[in-house]
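These notes concern the structure reproduced below.
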Amino acid sequence: MPIDLDHDLNPAQREAVLATTGAVLVIAGAGSGKTRTIVYRLAHLVEQGVSPEAILLLTFTRKAAQEMIMRAGALLGRQLPKASGGTFHSFAYGVLRRHAVDLGYPAACTVMDRGDSEDVMAEVRRELGIAPQDKTFPKRGAVLELLSKSRNKETPIGDLLGREAPHLLPFSGDFATLAEGYASFKAARGLLDYDDLLFLLERLLTERPDIAETLRARYRYVMVDEYQDTNMVQARLVRHLAGPAGNVMAVGDDAQSIYAFRGANVENILRFPEDFPGTRVITLEENYRSTQPILDLTNEVLRQAPRRFEKNLRATRGGGSVPFLLRPFSDFSQAELAVAAVTELAREHPLHEVAVLFRAGYQSYALEIALNKARVPFQKFGGIRFAEAAHIKDVLSILRLIQNPLDLPALTRILEHVPGVGKRTAAKINAALAAGNQPALDKAVKRHPGAGELFAFLDDLRSGVYPPALLVERVMVFYTPLLTRAHPEDYPRRLAGLEQLSQIAAGYASLDAFLADLVLENPEEGEGGVKRDTLVLSTVHSAKGLEWSAVLVIDLVDDRFPSRHAMASPQDMEEERRLLYVACTRARERLALFAPQRVYQRQSGTTVPATMSLFLRSLPEHLFTVWSEGYPGMAGRGAPSLTGDRGTLSSPSGRPAPSFPDGLAAAPAGAGPADPETARPKTPPARLGYCRHKIFGEGKVIGDLGEGKLRVNFQGFGLKVILADYLEMLPEPNRAGV
DNA sequence: GCGCCTTAGTTTTTT
DNA sequence: ACTAAGGCGC
């Protein structure tokens with residue numbers, strides 16, 4: 001059954017699908033059927049007789065690429081396992097693992113995640129003796145971030161510091177020293193960070209024209225999605241892979257460029273027609289996702305952006321309700337109001353069709369507590385990743401050591417489980433291994449028999465080539481006793497995570513592909529994307545490319561959204577604006593923007609007046625329906641209905657009054673009088689002392705966080721924040737040393 | 001040197 | 001909330 005392009009696509013989409021030769025740039029506005037266009041183009045190419053092997057599709061996540069290839073297969077009625085798709089990083093690693101030796105790297109390389117890179121950076125700083133004990137020296141995470149940015153933007157570190165962190169300019173020399181030390185440390189041990197993957201692939205393509213030619217001959221049709229979020233190396237890689245006369249299509253939306261912080265360069269998409277002379281530019285402006293009132297708002301958000309491809313989104317759907325602008329009294333009542341709004345919207349849409357979006361991960365904490373209290377199930381994107389959980393990393397570390405014995409972060413992780421061994425000893429053993437210093441190794445093993453056991457186990461695992469799933473099983477047998485000892489009460493949950501890991505491993509034939517994929521494309525905890533009837537919480541960045549029937553955006557006040565870090569720089573502010581644009585264009589039918597009138601300030605411990613986000617302040621009022629919450633306990637408690645036909649403020653008649661449950665807009669429990677300064681619960685008198693918890697056992701209360709929450713230090717479990725209700729207070733410690 | 005505790009000072013976004 | 005460094009016992 002041939003694909004019906006005339007019926008399934010609009011003229012602009014069809015043009016993009018049919019333009020299979022030469023360079024094509026598709027400017028695809030939000031919700032304009034971009035994915036559909038790529039899917040049809042893939043299918044069309046194959047239908048025209050192009051071999052799937054000749055197609056390379058680079059996207060932002062591997063999942064997105066696989067889904068598009070799968071959908072193209074569904075159109076054709078046959079799967080396309082030979083088509084290549086993935087992220088730049090995963091594609092780069094795929095090529096590099098076959099050619100590491102050509103670049104002078106060890107045959108077995110390890111791809112590090114952010115945490116591993118930080119561990120390496122800390123060790124390099126210690127070894128080089130850079131600013132020891134200097135508390136003003138930036139932390140390893142900050143150092144790494146700035147050096148990575150300097151690499152990705154291809155700007156000398158001194159210049160970058162001058163522009164983005166002038167207070168660190170005195171450390172400019174130290175940064176340069178660290179950059180060198182970090183690079184050589186990695187190279188000597190076959191460690192690759194995210195940036196290395198891109199730059200090494202470029203080096204390979206430049207130094208080995210024969211390999212570049214082989215790749216070009218294979219991938220005759222290159223497609224790059226989300227081109228607005230590529231950085232300079234990635235653009236050069238595209239040029240290398242396509243060649244001057246290649247068939248290359250870039251798809252993207254300059255208005256949705258939100259990754260400049262990690263070196264992405266909007267100029268790439270703006271300049272694509274110059275990079276590939278003769279480029280055909282196709283603009284998709286018809287929006288199939290949102291209703292017109294939502295688009296009116298998003299078009300206006302964008303209207304002030306300085307340089308862009310001209311486009312104006314037009315809705316193809318009729319009707320729709322005007323977006324809400326809600327002004328909760330504080331960020332605390334914002335959480336309560338958002339829960340009430342979600343509850344109400346859930347009567348109209350399945351819960352997984354509702355999402356709450358925010359600028360930064362921490363901004364959902366208050367909401368998460370409120371949701372737990374209201375027993376609303378939710379799933380958070382952009383939070384802790386499956387592969388970053390301690391027990392998962394432990395097992396992965398052993399697997400990594402099988403193929404790369406010099407993997408310092410992995411070695412350190414595992415050796416820290418051996419009693420009497422810490423970072424220092426681990427680094428020494430690693431150095432001895434790297435230098436081939438056998439006597440030093442023997443000495444260390446003699447001193448720490450546990451380390452010897454580990455090495456024997458590793459040698460055993462290395463004795464043959466085993467499938468990853470089998471290796472995971474064997475490592476679990478070795479590791480489970482350690483886990484149960486470290487977490488006597490909590491280990492079942494962690495074991496379940498490890499079971500999941502072994503499931504994932506079963507899908508791989510080779511160990512290095514398995515390990516690299518986990519680092520390059522984190523599966524979400526709980527496996528398999530969207531859970532039914534579960535509210536979605538997400539950072540705006542993680543929400544890219546997704547859509548929901550109803551979207552709430554919270555914390556839309558200056559310093560939060562836009563982020564405080566961006567407020568000083570006009571360029572960064574433009575990115576914040578685009579971020580808001582991305583957030584609002586995720587909504588199909590309902591959009592509610594929350595701008596609390598007051599927010600909690602950590603420094604002072606009080607709530608202070610907040611300024612509504614600059615981007616909202618500059619919008620004409622007719623674009624939304626405004627509702628302000630009164631002072632707690634006073635008039636104005638009635639909340640608006642979000643499900644009315646035209647966003648009316650009173651409950652629409654003829655429906656079961658869908659206003660929020662009574663009292664939801666009131667001050668949180670434990671609040672003092674209705675005075676703004678004291679509306680937030682002040683920290684009650686500290687109840688420090690000793691306590692017992694059902695699961696964690698005996699502990700010492702070392703802090704009172706208010707709202708009934710205590711910070712408790714449990715023996716063997718460390719610091720936990722626990723609700724006082726779950727604790728039995730003890731007059732005296734029963735055990736010594738608690 | 002390790003490991004555990006305390007204290008002081010920062011917290012954006014992600015492959 | 002998380003990191004890093006200093007103190008202290010082993």
Side-chain angles (χ1 to χ4, degrees), chain A residues 58-63 86-93 111-115 117-118 122 125-126 132-142 145 148-149 152 192-198 226 229-231 233-234 257-264 357-363 365 381-385 387-388 415-416 418-428 444 447-448 516-522 538-544 555 559-567 572 575-576 578-579 582-583 602-603 700 702-703 705 711 713-721 737-738:
Chain A
L58 297 175
T59 59
F60 207 68
T61 65
R62 206 191 41 187
K63 205 165 84 188
T87 61
F88 276 91
H89 293 86
S90 64
F91 172 73
Y93 182 69
V111 183
M112 298 189 293
D113 69 10
R114 175 69 195 256
S117 305
E118 287 183 7
R125 181 182 163 194
R126 208 192 52 75
Q133 296 156 349
D134 181 351
K135 279 192 176 175
T136 66
F137 197 82
K139 289 187 210 145
R140 50 188 173 171
E145 194 183 314
S148 168
K149 214 168 185 176
N152 280 295
L192 304 173
D193 66 16
Y194 291 123
D195 306 334
D196 292 328
L197 296 174
L198 304 179
E226 309 280 12
D229 285 322
T230 54
N231 62 22
V233 217
Q234 287 170 327
S257 159
I258 54 175
Y259 280 94
F261 71 90
R262 98 180 184 205
L357 306 183
F358 31 84
R359 173 71 244 266
Y362 74 88
Q363 286 169 333
Y365 291 160
F381 291 104
I384 284 231
R385 306 310 186 85
E388 284 167 11
L415 284 178
E416 280 183 333
V418 177
V421 179
K423 283 188 173 41
R424 286 299 288 273
T425 308
K428 270 187 194 165
R447 227 159 124 152
H448 306 286
D517 269 7
L518 278 171
V519 172
L520 295 174
E521 188 75 45
N522 282 316
S538 176
T539 60
V540 180
H541 283 91
S542 300
K544 190 167 85 155
D555 265 353
D559 285 353
R560 292 199 177 185
F561 198 162
S563 154
R564 184 167 52 85
H565 303 274
M567 298 281 288
D572 291 357
E575 179 144 317
E576 299 289 310
R578 295 191 293 264
L579 210 44
V582 169
R602 216 170 6 90
Q603 293 173 293
K700 186 177 174 185
I702 58 168
L705 306 176
R711 187 194 301 282
N713 194 356
F714 291 104
Q715 213 173 25
F717 293 93
L719 294 183
K720 304 264 177 218
V721 174
V738 177

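Within every chain, numbering begins at 1; the chains are lettered A, B, ... in the order of the sequence lines, protein sequences first and strands thereafter.
- Between the CD atom of A:E576 and the C1' atom of B:dT13 there is a distance of 8 Å, given to the nearest Å.
- Here the side chain of A:R114 pairs a donor or acceptor atom with the backbone of A:G141 at under 3.5 angstrom.
- Panel note: side chain A:S542, backbone A:T539; no donor-acceptor pair is recorded below 3.5 Å.
- Among the heavy atoms of the strands lying under 4.0 Å from A:Y259 are primed sugar atoms or P, OP1, OP2 only; no base atom is included.
- In this model, the phosphate group of B:dT15 is not approached by any side-chain N or O of A:T61 to a distance below 4.0 Å at OP1 or OP2.
- For the pair A:R62 CZ and B:dT14 C1', the computed distance is 16 Å after rounding to whole Å.
- The separation between A:R564 atom CZ and B:dT13 atom P is 12 Å, rounded to whole Å.
- If you take NZ of A:K423 and C1' of B:dC4, they are 14 Å apart, rounded to a whole angstrom.
- Among the heavy atoms of the strands, none lies under 4.0 Å from A:V540.
- At whole-Å resolution of the value, NE2 in A:H89 and P in B:dT14 are 14 Å apart.
- As a whole-Å value, the separation of A:R126 CZ from B:dC2 C1' is 14 Å.
- Contacts of A:S90 with the nucleic acid, taken as non-hydrogen atoms under 4.0 Å apart, are absent.
- In terms of position on DNA chain B, the residue among A:L579 and A:A426 whose nearest nucleotide sits closer to the 5' end is A:A426.
- For A:R126, the CZ atom counts as densely surrounded, since its 6.0 Å shell holds more than 12 non-hydrogen atoms of other residues, nucleotides or ligands.
- Comparing atom distances between the A:A360 side chain and each of B:dT10, B:dT13, C:dA5 picks out B:dT13 as nearest.
- Across B:dT10, B:dT14, B:dG1, the shortest atom-to-atom separation from the side chain of A:K428 is found for B:dG1.
- Remark: ring of A:F261 stacked against base of B:dT13; centroid gap under 5.5 Å, plane tilt under 30°.
- Comparing atom distances between the A:K139 side chain and each of B:dT13, C:dA4, B:dC2 picks out C:dA4 as nearest.
- Residue-level contact check: A:R140 touches the backbone only, with heavy atoms under 4.0 Å from sugar-phosphate atoms and none from bases.
- Salt bridge A:K139/A:E118: absent, no basic N to carboxylate O contact under 4.0 Å.
- Checking B:dT14, C:dA5, C:dT3 against the side-chain heavy atoms of A:R262 singles out B:dT14 as nearest.
- Checked against B:dT12, B:dT10, B:dT14, the side chain of A:H565 finds its nearest nucleotide in B:dT12.
- When the side-chain nitrogen and oxygen atoms of A:S542 are compared with OP1 and OP2 of B:dT14, one or more of them lie within a distance under 4.0 Å.
- Protein atom CZ of A:F137 is 15 Å distant from nucleotide atom P of B:dT10, rounded to whole Å.
- Between A:R424 and A:K149, the residue anchored nearer the 5' end of DNA chain B, judged by the nucleotide with its closest heavy atom, is A:R424.
- Stacking between A:H541 and the base of B:dT14 is absent under the criterion of ring centres within 5.5 Å and planes under 30 degrees.
- A:V111 pairs in a side chain to side chain contact (heavy atoms under 4.5 Å, CB included) with only one of the listed residues (A:D193, A:L520, A:D196), which is A:L520.
- Checked against the 6.0 Å centroid threshold, A:F261 and A:Y259 count as a close aromatic pair.
- The CZ-P distance, from A:F60 to B:dT13, rounds to 14 Å in whole Å.
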